[in-house]
Visitor: 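Please see the structure below; I have some questions.
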Amino acid sequence: MTPVLLIGNGAREHAIAEAVMRSGRAPRLYAFMKTNNPGIASLSTEARIGRYDDLRAIVAFAKERKIAVAVIGPEDPLGHGVVDALAEAGIPAVGPTRALARLETSKSFTRNLLEKYRIPGNPRFRNFTSPAGIPEFIAGLTGVVLKPDGLTGGKGVLVQGDHFQTPAEALAHCAEILRDHPGVTVEEKLEGEEFSLQCLCDGRTVVATPPVQDHKRRYADDRGPNTGGMGSYSCADHLLPFLAAADVAEGLEITRRVAEAIRRETGVPYRGVMYGGFMVTAAGVKLIEYNARFGDPEAMNILPLLKTDFIDLCRAIIDGRLESLAVEFERKATVCKYCVPTGYGLPSEHSDAAGGPSRIEVGDMRGARLYYSSIDQRTDGLYMTSSRAVGVVGIADALAEAERVAEAAVTAIRGPVDHRRDIGTEPLIRKRIEHMQQLRKKPIPSGG
Ligand code: AMP
Ligand code: GLY
């Protein structure tokens, strides 16, 4: 019997829970969640509710249940040092220690690491702890992106053209960021198509999972505010329609070098997920950011395709034996669509959360996978909060069929809900391909 602790309460963790329970190592799942996810709870021997900064409660639960492997879903517990606390109690975890989780929690740490170890992929950037020098640096860039240092829940990045227009506005935003954060990273705005490359790392060996494209914008055609992610797709050939095998190899090579750099820099092996958010540009593959965990929704694209036993995989990561494990994924296309409350992504005064949680009814999933996210199960049914509610995933030989399966399932969910119809559809994919073709024709900007 293998008692596994899973920390997290979202759809990503529901997909992880499912992968754990598919294992042939007699899994027993123990979930530690901030709120009760009915999908995870139904797969668990025991679910405990608590806060992700309550390390004492997490460690006590793990010790009580004699946990063999802990899997950390979201970034908050990693940032609080849950892996360090579990290690002190002799419980191994898939996830980096607090110091190594800086790969995600500190934008400046990661940019500096790439620069110090001469790893390609950085845009032009500088970290600032005071406004001095920012105007001069901005003057030399054609477009700028501002990133507060520290965890911001994916909503802290400000992009010129989207969130502000002029250099003067950029400076005002920097001053504001510096009031609340220890620093701000100012960087060149890149142009291209983004892809997520979720890699597994045991400290030495880095293994890539199939690349995925997420859709951050709230509305169809990439309009509206940025969200945690409205849905994502992956292809049967383990590439993306606008991405060549060489681009994926470039992302993997950057990640390999980062894993090595982090080990040299800290003396500690990185054991967990290194999820690179990359952008393929006319000047090659660039790094947008690293996350120290699986993506949400991207975990829902790749984990259902995993052929390798998930517990074996976790053990190989923990024991530094990834090199000798064949990590395999089915050659299928996947489309994930998130069902969200209609007010999701809007400023809270406009969101329907103000009127209290709304009830939804999940209809016939017609062959799609269903992963619960921010859902509260009460005696009279399922209620949404203000966040992403349910992720559905279509899996098929071809992308078009996977999209049809996902679309049919997500429209079967009834209530005050919305989703992005266009994710995984041919017109949107064609737009991505044409965007890249256009960029590759333009002269490459100098210094990029
Ligand atoms: P992050 O929170 O780092 O994922 O950033 C949120 C979004 O901002 C990314 O998904 C990108 O779309 C955008 N972004 C971040 N950095 C850059 C950059 N250097 N150039 C262009 N877009 C960026
Ligand atoms: N899909 C974006 C994230 O997980 O951060």
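Both ligands and their constituent atoms are indexed starting at 1 by order of listing. For the single chain, residues carry numbers from 1 onward in sequence order.
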Visitor: Check whether any heavy atom of S196 sits under 4.0 Å from an atom of ligand 2.
Guide: no
Visitor: Would you mind listing which atoms of ligand 1 come within a distance below 4.0 Å of any non-hydrogen atom of E188?
Guide: 18 (C), 19 (N), 20 (N)
Visitor: For I40 and A31, work out which heavy atoms get closest and say how close.
Guide: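 Closest approach of I40 to A31: CG2-CB, 3.6 Å.
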Visitor: Taking 4.0 angstrom as the limit and counting only heavy atoms of N291, give me the atoms of ligand 2 inside it, by number and element.
Guide: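 Contacts of ligand 2 toward N291, numbered from 1: 5 (O).
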Visitor: Are Y344 and M230 close enough that some pair of their side-chain heavy atoms sits under 4.5 Å apart?
Guide: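 When only atoms from C-beta onward are counted, M230 and Y344 do touch, with a gap below 4.5 Å.
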Visitor: Hey, is CZ on R315 packed in by over 12 heavy atoms from elsewhere, all under 6.0 Å?
Guide: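 12 or below, so no.
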Visitor: At less than 4.0 angstrom from any non-hydrogen atom of K147, what atoms of ligand 1 do you find?
Guide: 3 (O), 15 (C), 16 (N)
Visitor: Using 4.0 Å as the upper bound for N to carboxylate O, is an ion pair formed by D296 and R388?
Guide: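 Here R388 pairs with D296 in a salt bridge, since their nearest N and O are under 4.0 Å apart.
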Visitor: Decide whether E265 and Y117 meet the rule of one side-chain donor and one side-chain acceptor closer than 3.5 Å.
Guide: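 The answer is yes; a qualifying pair exists.
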Visitor: Students should be able to answer this: which protein heavy-atom is nearest to atom 2 (C) of ligand 2, and at what distance?
Guide: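 Result for atom 2 (C) of ligand 2: Y275 OH, 3.3 Å.
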Visitor: One residue to check: V157. Relative to ligand 1, which of side chain, backbone, both or neither has a non-hydrogen atom less than 4.0 Å away?
Guide: side chain
Visitor: Below 4.0 angstrom from a heavy atom of E289, which ligand 1 atoms are there? Numbered from 1 as shown, please.
Guide: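 Within the 4.0 Å cut-off of E289, ligand 1 contributes 1 (P), 2 (O), 3 (O), 4 (O).
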Visitor: What part of E194, side chain, backbone, both or neither, has a heavy atom within less than 4.0 angstrom of ligand 1?
Guide: side chain
Visitor: Suppose we measure from atom 5 (O) of ligand 2 to each protein heavy atom; which comes out shortest, and what is that distance?
Guide: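 For this ligand atom, the closest protein heavy atom is R293 NH2, 2.9 Å.
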Visitor: Under a 4.0 Å heavy-atom limit, does K286 contact ligand 1 with its side chain, its backbone, both, or neither?
Guide: neither
Visitor: Would you indicate whether the side-chain heavy atoms of L158 and V145 approach each other to under 4.5 Å?
Guide: no
Visitor: Give the numbers and elements of all ligand 1 atoms closer than 4.0 Å to a heavy atom of K216.
Guide: 4 (O), 10 (O)
Visitor: Which one holds for R12 and ligand 2: side chain close, backbone close, both close, or neither close, with close meaning a heavy atom under 4.0 Å?
Guide: neither
Visitor: Is it the case that R432 places NZ or CZ above or below the six-membered ring of F242, under 6.0 angstrom from the centre and within 45 degrees of the axis?
Guide: no
Visitor: Purely on distance, is any nitrogen or oxygen of D296 under 3.5 Å from one on ligand 2?
Guide: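 It does: an N or O of D296 is found under 3.5 Å from an N or O of ligand 2.
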Visitor: So, T342 and D418: side-chain donor and acceptor under 3.5 Å apart, yes or no?
Guide: no
Visitor: Check for me whether G295 has a heavy atom closer than 4.0 Å to any atom of ligand 2.
Guide: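 Yes, G295 has heavy atoms under 4.0 Å from ligand 2.
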Visitor: Would G228 count as a contact of ligand 2 if the rule is a heavy atom under 4.0 Å away?
Guide: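 Checking ligand 2 against G228, which is what was asked, there is a heavy-atom contact under 4.0 Å.
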Visitor: Relative to the heavy atoms of K107, which atoms of ligand 1 are at a distance of less than 4.0 Å?
Guide: 2 (O), 3 (O)
